[in-house]
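These notes concern the structure reproduced below.
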Amino acid sequence: MKLHNTRSRKKESFVPMKKGQVLMYTCGPTVHDYAHIGNFRTFVFQDLLKRWLSRDGYKVKHVMNITDVDERTIERAKRKKVRLADVTEAYEKAFFDDLDALNINRANVYPRASEHIGEMVELSEKLIEKDSAFVEKDGSIYFDITKSHNYGSLSGKRPRDNLRRKTKREDYDEPAHFVLWKPRDEMDGMIYWKTSLGEGRPGWHSECATMALKYLGDSMDIHSGGVDLVFPHHENGKAISEALTGKEFSKYYLHAEHLIIDGQKMSKTLRNHFTLRDILKKGCSPAAVRLILLGTHYRKKLNFTFKKLDASEKKIKRLESFIKMLSGANAKKNSKTLEGDVLKLKRDFEDSLNNDLNPAPALRAFFAFIDKYKNKDISQKDAKRILKTLKELDSVLGIMRA
RNA sequence: GCCGAGGUGACAGAGCGGCUAUGUGGCGGACUGCAGAUCCGCAUAAGUGGGUUCAACUCCCGCCCUCGGCUCCA
């Protein structure tokens, strides 16, 4: 199986650290609001990856964090004048409901940032000890990127490149040290923790490094998220972890391109910012949404349109009516071509997904197979064989109703 | 300034060095009391200039154009 590694910018053969086992960490939602359809593009891609690895015989240990302490969650709680937990618990629940709707398999662990404050404090202290971090006058703790020998190697960015751009402005501050710990701030209201570092709260980048270390150990096989996380989030998480352990943070980095709506970037001002709920309210099936999110290769921008949703809906209906038809199959003769077609379907399906999880040829093979048999008289025996095959492949696609 | 993606028929969107992609829409037909669904058939293609080749939409080079990222972000 080949996967595109962001770090090398090449497709590489996938070989996990330990045979038969995959350790995977994916960046989860910030529970300040309902997750939008673009978030789910990434999560569905990761689900496909996980399902494919599982089918390939790997035992996958998957950790996905829940970011429940950050500017946005705090902002939301302040505006609604409720406790932080009231906001984050509600949206976390909504997130899991949405995962179920899209038939996304659960991770093994969903650690919350708020429950790992102690570990993040410890991490900051260790980094100070190692001289990889420093304390500012106001009590902030920054990671010193000049101490990281390969900072920028994941994203391909050299801090110098930004220097030129930034110097055009006044607020230029180089190098781009990033914050590990923020001292208590008036803006945060009552949200802070009393720790050995003083009162404050953690910075976002500490979170993934800390929880990955705790639940997966010093190194993992796959770290994944949306492209926007390549820099700075994953670059920083990598720098933190590697400064601490001296070991490679992750062997592979997989990043999903963004979803756009009608050719435009999703944004609230353009009023094209959709949550999964918004879309399902229009009456389409969750399976059709999943099929759209699945259908475009993860490294290409996915152009989401309602026209496409209609086409997707029709495809799901075609699949469902075919399955219904199978239950009534009672032809006398068995098909002579079926066995060969099943083998070809499986082979095409596997070749396609083994090639950096390319879904298009796999889906094409899947639906072409259905189209070939939907108008044929099928025996009961053949119907069983067909259904078994479709179900087997759907353990990866997840678009059939159970 | 730096890094990256892409230009295929009305639209969306694949694969492939020679063989009809496919879907939506359109057109013609079948079926149906009408509609819908379904089925059969038809049309429309490869930004631009060169190169490699017996053969290029597919490989190589130049040009044009579009788009994305560069410490809020999946």
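- Expressed to the nearest 0.5 Å, how far NZ of A/Lys391 lies from CD1 of A/Ile323 amounts to 8.0 Å.
- As rounded to whole Å, 13 Å separates atom P of B/rA5 from atom OH of A/Tyr298.
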I'd like to compare against my own output: the B/S/- annotation of nucleotides 10-15 of chain B with a strict under-4.0 Å heavy-atom distance to protein. -SSSSS
Review item, side-chain donor-acceptor pairs of residues 89-96 of chain A, under 3.5 Å, at least two apart:
{"residue": "A/Tyr91", "atom": "OH", "partner": "A/Arg76", "partner atom": "NH2", "Å": "2.7"}
{"residue": "A/Glu92", "atom": "OE1", "partner": "A/Arg112", "partner atom": "NE", "Å": "2.8"}
{"residue": "A/Glu92", "atom": "OE2", "partner": "A/Arg112", "partner atom": "NE", "Å": "3.4"}
{"residue": "A/Glu92", "atom": "OE2", "partner": "A/Arg112", "partner atom": "NH2", "Å": "2.9"}
{"residue": "A/Lys93", "atom": "NZ", "partner": "A/Asp97", "partner atom": "OD2", "Å": "3.0"}

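- When the nearest nucleotides of RNA chain B are assigned to A/Arg9 and A/Arg72 by heavy-atom distance, the more 5′-ward of the two goes with A/Arg9.
- As judged by a 4.0 angstrom heavy-atom cut-off over every strand, A/Leu259 is placed among the base-contacting residues.
- With no hydrogens or angles considered, a side-chain donor-acceptor pair links A/Asn355 and A/Lys11 at under 3.5 Å.
- In this structure, A/Asp98 places its CG atom 15 Å from P of B/rA74, rounding to the nearest Å.
- Note on A/Lys315: nothing from the nucleic acid sits closer than 4.0 angstrom, heavy atoms only.
- Residue A/Ile292 is tested with A/Arg41, A/Lys308, A/Lys315, A/Glu313 for a side-chain contact (heavy atoms from CB on, under 4.5 Å); the sole match is A/Lys308.
- Nearest-nucleotide positions on RNA chain B for A/Ser155 and A/His32 put A/Ser155 closer to the 5' end.
- Heavy atoms of A/Arg299 sit nowhere under 4.0 angstrom from any nucleic acid atom.
- The only member of A/Trp181, A/Phe178, A/Phe231 that meets ring pair (Phe, Tyr, Trp, His ring centres under 6.0 Å) when paired with A/His205 is A/Phe178.
- Between the NZ atom of A/Lys314 and the P atom of B/rA37 there is a distance of 7 Å, given to the nearest Å.
- Using a 4.0 Å heavy-atom distance criterion, A/His255 is classed as making no nucleic acid contact.
- To the nearest whole angstrom, the two C1' atoms, one in B/rG36 and one in B/rA30, are 16 Å apart.
- Paired runs in RNA chain B that reach 3 or more consecutive Watson-Crick or G-U pairs, where each pair keeps both distances under 3.5 Å, cover B:1-7 with B:64-70, B:10-12 with B:22-24, B:26-30 with B:38-42, B:47-51 with B:59-63.
- Nucleic acid contact class of A/Gly38 (heavy atoms, under 4.0 Å, all strands): base.
- For the ring pair (Phe, Tyr, Trp, His ring centres under 6.0 Å) with A/His177, the qualifying choice from A/Phe134, A/Tyr151, A/Tyr142 is A/Phe134, the only one to do so.
- The gap from the C1' atom of B/rU32 to that of B/rC19 amounts to 39 Å, rounded to the nearest Å.
- Here A/Met325 lies out of heavy-atom contact (under 4.0 Å) with every strand.
- Contacts of A/His205 with the nucleic acid, taken as non-hydrogen atoms under 4.0 Å apart, are absent.
- Side chain to side chain, A/Ser140 and A/Lys182 fail the donor-acceptor criterion of an N or O pair below 3.5 Å.
- In this structure, A/Lys372 atom NZ and B/rU38 atom P are separated by 22 Å, rounded to whole Å.
- Between A/Asp371 atom CG and B/rA37 atom C1' there is a gap of 15 Å when expressed in whole angstrom units.
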Pair A/Asp33-A/Arg72, salt bridge (charged side-chain N to carboxylate O under 4.0 Å, His left out): steps then yes or no: CA-CA 9 Å; A/Asp33 200 346; A/Arg72 289 179 295 165; over 6 Å; no
